[in-house]
Amino acid sequence: SQQITIQKFMQGLVSSRVKVSALEIEQEMKRIIDFNGTVEFLLSEIFVSFSNKTQDDAYDIIKSVYEKLKKGADVNKLIMLYSDSMNKNKNGEIGWISQNLLPNEILAQLSNMGKNDFTTPIFKNNGFQIIILRDIRPFININVANPNEVAQIKNMLEDKIFNEKS
């Protein structure tokens, strides 16, 4: 009982000092609305750099990896053997990326892929990349015309921001 009283006192002390402004909530809400109805992709990569080899050598390697993938080779083994990516020890995982943040060239390929499919080799300014689609999920899907749904999201955002600050 005394423990609960102390805990409530401390929560009151923290909440009296932590304020969440309407502007903070509106900024988060705008970000959510910008991404409303989009999807996120869980991506991995095989990246072959030409910082330590010629561009032609890098292309030959990525082309060979691509051919091995087409024949059903183990993606994770190929990542460990050939990738120069910093995330190669994590199966090349890049993470969840919203479709709004991807270049059109990559998004066009991903839109026609299923889980565990891979892109054709992509030229980058410092190497070649093959992207592996690990999973897809909706980013968020809210009905902005429904005031109750919008109010619920705003309340959740206020709690989230409050918890991050306290």
Side-chain angles (χ1 to χ4, degrees), residues 24-53 55-146 148-165:
E24 289 173 299
I25 295 169
E26 287 306 316
Q27 287 173 334
E28 274 296 302
M29 193 67 190
K30 182 189 178 318
R31 191 181 73 77
I32 286 173
I33 290 170
D34 287 347
F35 287 85
N36 192 28
T38 63
V39 296
E40 287 182 304
F41 300 99
L42 180 59
L43 304 176
S44 293
E45 71 175 344
I46 299 173
F47 178 72
V48 179
S49 170
F50 36 76
S51 64
N52 57 353
K53 57 186 86 56
Q55 187 172 330
D56 288 342
D57 288 345
Y59 181 74
D60 289 344
I61 293 168
I62 203 76
K63 198 167 101 180
S64 167
V65 168
Y66 180 71
E67 292 303 320
K68 290 175 184 181
L69 285 170
K70 286 184 3 184
K71 292 178 181 168
D74 183 301
V75 174
N76 295 330
K77 285 183 183 173
L78 292 175
I79 290 169
M80 289 306 295
L81 286 172
Y82 297 103
S83 186
D84 296 322
S85 171
M86 293 185 338
N87 359 338
K88 89 187 249 179
N89 293 327
K90 296 183 207 166
N91 292 329
E93 189 171 302
I94 299 170
W96 287 100
I97 309 284
S98 169
Q99 72 183 58
N100 293 11
L101 301 176
L102 289 166
N104 289 336
E105 171 191 7
I106 294 173
L107 185 58
Q109 288 194 58
L110 291 174
S111 297
N112 297 313
M113 292 169 44
K115 288 182 186 179
N116 299 315
D117 285 346
F118 46 89
T119 65
T120 57
I122 299 164
F123 176 80
K124 297 184 69 158
N125 62 350
N126 57 345
F128 294 96
Q129 176 185 46
I130 295 173
I131 295 177
I132 300 97
L133 175 58
R134 302 288 190 171
D135 204 356
I136 305 172
R137 69 182 181 196
F139 179 74
I140 191 162
N141 198 5
I142 60 170
N143 180 359
V144 292
N146 180 337
N148 292 335
E149 203 168 325
V150 171
Q152 185 179 10
I153 299 285
K154 285 184 176 182
N155 286 337
M156 288 170 32
L157 288 172
E158 184 174 12
D159 290 345
K160 175 184 169 272
I161 295 166
F162 177 85
N163 290 332
E164 288 171 354
K165 287 181 161 187

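Note that the coordinates shown come from a computational prediction; the quantities given were computed from them, not determined experimentally.
Each of Asp135, Ile136, Ile94 was checked for a side chain to side chain contact (heavy atoms under 4.5 Å, CB included) with Leu42, and the lone residue meeting it is Asp135.
With hydrogens and angles disregarded, a donor-acceptor distance shorter than 3.5 Å links the side chain of Asn87 to the backbone of Glu93. Looking at Ser111, its side chain does come within 3.5 Å of a backbone N or O of Leu107 through a donor-acceptor pair. Side-chain atoms of Thr38 do not come within 3.5 Å of backbone N or O of Gln99 as any donor-acceptor pair.
Counting non-hydrogen atoms of other residues, nucleotides and ligands closer than 6.0 Å to OH of Tyr66 gives a total above 12. Counting heavy atoms of neighbouring residues, nucleotides and ligands inside a 6.0 Å radius, atom CG of Asn52 exceeds 12 of them.
Closest non-hydrogen pair, Thr120 versus Gln109, comes out as N-OE1, 2.8 Å. Nearest heavy-atom pair across Ile79 and Lys88 is CG2-O, 3.7 Å. Asn76 and Asp74 get closest at one heavy-atom pair: N-OD1, 2.8 Å. Closest approach of Gly114 to Leu133, counting heavy atoms only: O-CD2, 3.5 Å. Shortest non-hydrogen contact noted between Ser49 and Ala58 is O-CB, 3.9 Å. Heavy-atom minimum distance, Glu158 versus Ile25: CB-CD1, 3.8 Å.
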**Request:** Please lay out, stage by stage, how Phe118 and Val75 fare under the test side chain to side chain contact (heavy atoms under 4.5 Å, CB included).
**Result:** CA-CA 9 Å; Phe118 46 89; Val75 174; 5.5 Å; no
(Q) Quick one, Lys68 with Val65, criterion side chain to side chain contact (heavy atoms under 4.5 Å, CB included). Give me CA distance, side-chain angles, the key distance, then yes/no. (A) CA-CA 5 Å; Lys68 290 175 184 181; Val65 168; 5.6 Å; no
Kindly determine whether Ile130 and Ile122 satisfy side chain to side chain contact (heavy atoms under 4.5 Å, CB included), including the steps that lead there. CA-CA 6 Å; Ile130 295 173; Ile122 299 164; over 6 Å; no
Should Glu105 and Phe123 be marked as a side chain to side chain contact (heavy atoms under 4.5 Å, CB included) after you check the CA-CA gap, both sets of side-chain angles, and the distance that decides it? CA-CA 10 Å; Glu105 171 191 7; Phe123 176 80; over 6 Å; no
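In summary, the aromatic rings of Phe47 and Phe128 are positioned with their centroids too far apart to meet the 6.0 Å limit.
In this structure the side chain of Glu67 reaches within 4.5 angstrom of the side chain of Lys70, judged on heavy atoms.
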